Amino acid sequence: MTFPFLSALRGPRALLCGALALAGLLTSCGSGSNAAGAIAAPETVRLDYAYYNPLSLVLKRQGWLEKDLAKQNIKVEWVLSQGSNKALEFLNGSSLDFGSTAGAAALVARANGNPLKAVYIYSKPEWTALVVGPKSTITTVAGLKGKRVAATKGTDPYIFLLRALDQAGMSEKDIELIPLQHPDGRAALEKGDVDAWAGLDPHMAKAELESGAKLLYRNPDFNSYGVLNVREAFAKDHPALVSAVLRAYEQARAWARQHPAELQQTLADAAKLSPAVAAKQLARTDFAVNSFGAPQLATIAAAGDVLKKTGTIEAGVDVAQTLKALIDPQFVNKLPAAPVAVR
């Protein structure tokens, strides 16, 4: 039996490898260091940084992940996310490998077919509330009936708004929703173009301190946790890199808890905030938890139930199964229990 195409290969080793591969006797003609079908490591790992995720700002500034991955000749690329909706859009379009969002926003994305896995909790924030202007006479959620309310769809503030309305016996149909990105929502409130805004820190803290905005309705239990998501395909192909990213996040979390003043300065510098605004945001951000326990799952599931009731999630979606498909605890469960040494 002859193999005419082998004449195009160079060298006796190439001839032998080509023949054996065609005959099914050899699975790899590489140097022998990689198994057949092994997926090569990416040249670059792409993560988002977000002003609502202070740990991402620490990690980006300190460069720990870059130093670690440089040992494998892998670069790190940082992409700014202005909200959960943007992070989810980037993940779905494969322009990010890791993206930080609210837990409830990730659940909605998973229900809508975005193939992502939530692998880590970066904070327990009270990062959203319903906000009105300093001269507003609205004092209750019920008072929003018929009013213009700004919110960014697909984010925790939007979900917070829906839950607040639901608790008051109302729905999105009872208000005039004005879809705006978070900074534009704050600007619209300050200009008087909307009556209320589903705010997000640090924009919310800035509105409080700089324009006298008032928090109409607060409920920390309605704020779903900040979660780090990874593309499902990336997690499957590169589990070691997922673990490396989470180790770096753990280093950032330990550093943030040990260096509150430096954390405040990091946030202020990155988001161009005054020290007072940065301090206000961080005062309502908790970094004590990194994994998905019963309280975290219950909070996200409760948001999913309300979103299903309001039609944001289709009626046929099984929230419990979607949550199970979203959460992948294997990586965070492998992290050391002892505090990370901060360099």
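It should be emphasised that the depicted structure is a prediction, and the values quoted were computed from it without experimental measurement.
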To the closest 0.5 Å, what do you measure between [atom1] ([X]) and [atom2] ([Y])?
{"X": "T140", "Y": "K145", "atom1": "OG1", "atom2": "NZ", "answer": "12.0 Å"}
{"X": "L96", "Y": "R231", "atom1": "CG", "atom2": "CZ", "answer": "9.0 Å"}
{"X": "R247", "Y": "L335", "atom1": "CZ", "atom2": "CG", "answer": "8.0 Å"}

Pair listing, side-chain hydrogen bond (donor to acceptor under 3.5 Å, both in side chains) test, anchored in residues 271-280, at least two apart: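 Residue pairs with at least one partner in residues 271-280: there are none.
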So, the side chain of [X] versus the backbone of [Y]: is there a donor-acceptor pair under 3.5 Å, distance only?
{"X": "S95", "Y": "F90", "result": "yes"}
{"X": "Q264", "Y": "P275", "result": "yes"}
{"X": "N92", "Y": "N114", "result": "no"}
{"X": "K153", "Y": "L180", "result": "no"}
{"X": "Y52", "Y": "A102", "result": "no"}
{"X": "S56", "Y": "N53", "result": "yes"}
{"X": "Q258", "Y": "W255", "result": "no"}

Shared-cluster residues of L216, by chain and number - hydrophobic side chains joined below 4.5 Å: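 Besides L216, the hydrophobic cluster comprises V108, L130, V132, I138, V141, L144, V149, Y158, I159, F160, L161, L162, L165, M170, I175, L177, Y217, F222, L307, I313, V317, listed by chain and residue number.
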4.5 Å side-chain heavy-atom contact, [X] and [Y]:
{"X": "L47", "Y": "D97", "value": "no"}
{"X": "F292", "Y": "D328", "value": "no"}
{"X": "P220", "Y": "R284", "value": "no"}

Contacts of D184 that satisfy salt bridge (Lys or Arg N to Asp or Glu O under 4.0 Å) - sequence neighbours left out: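 For D184 there are no salt bridge (Lys or Arg N to Asp or Glu O under 4.0 Å) partners, ignoring immediate neighbours.
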For residues [X] and [Y], is any side-chain donor paired with an opposing acceptor at under 3.5 Å?
{"X": "W78", "Y": "E66", "value": "yes"}
{"X": "T101", "Y": "N229", "value": "yes"}
{"X": "T128", "Y": "N223", "value": "no"}

Are [X] and [Y] within salt-bridge range, i.e. N to O under 4.0 Å?
{"X": "R148", "Y": "D195", "result": "no"}
{"X": "E126", "Y": "R218", "result": "yes"}
{"X": "R257", "Y": "E262", "result": "no"}
{"X": "D201", "Y": "K206", "result": "no"}
{"X": "R46", "Y": "E77", "result": "no"}
{"X": "E232", "Y": "R110", "result": "yes"}

What residues form a side chain to side chain contact (heavy atoms under 4.5 Å, CB included) with [X], not counting sequence neighbours?
{"X": "S171", "value": "K173, D174"}
{"X": "P239", "value": "F331"}
{"X": "V306", "value": "R163, D166, T310"}
{"X": "S211", "value": "E190, A207, A213"}

Partner residues of Y122 under the ring-ring contact (aromatic ring centres under 6.0 Å, His included) criterion, sequence neighbours left out: none
Partner residues of Y51 under the ring-ring contact (aromatic ring centres under 6.0 Å, His included) criterion, sequence neighbours left out: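 Testing Y51 for ring-ring contact (aromatic ring centres under 6.0 Å, His included), a comparison that skips the adjacent residues, returns none.
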Partners passing side chain to side chain donor-acceptor pair (under 3.5 Å) against D156 (at least two apart in sequence or in another chain): W127, S224
Listed partners of T155 passing side chain to side chain donor-acceptor pair (under 3.5 Å), at least two apart: none
ring-ring contact (aromatic ring centres under 6.0 Å, His included), paired with F98, selected from F234, Y49, Y120, Y249: F234
All pairs passing ring pair (Phe, Tyr, Trp, His ring centres under 6.0 Å) where residues 169-213 contributes a residue, at least two apart: none
Trace of the side-chain hydrogen bond (donor to acceptor under 3.5 Å, both in side chains) decision for D269 with Q265: CA-CA 6 Å; D269 290 345; Q265 190 62 51; 2.7 Å; yes
Hydrophobic cluster membership, L69 vs L55, 4.5 Å side-chain cutoff: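 Yes, L69 and L55 fall within the same hydrophobic cluster.
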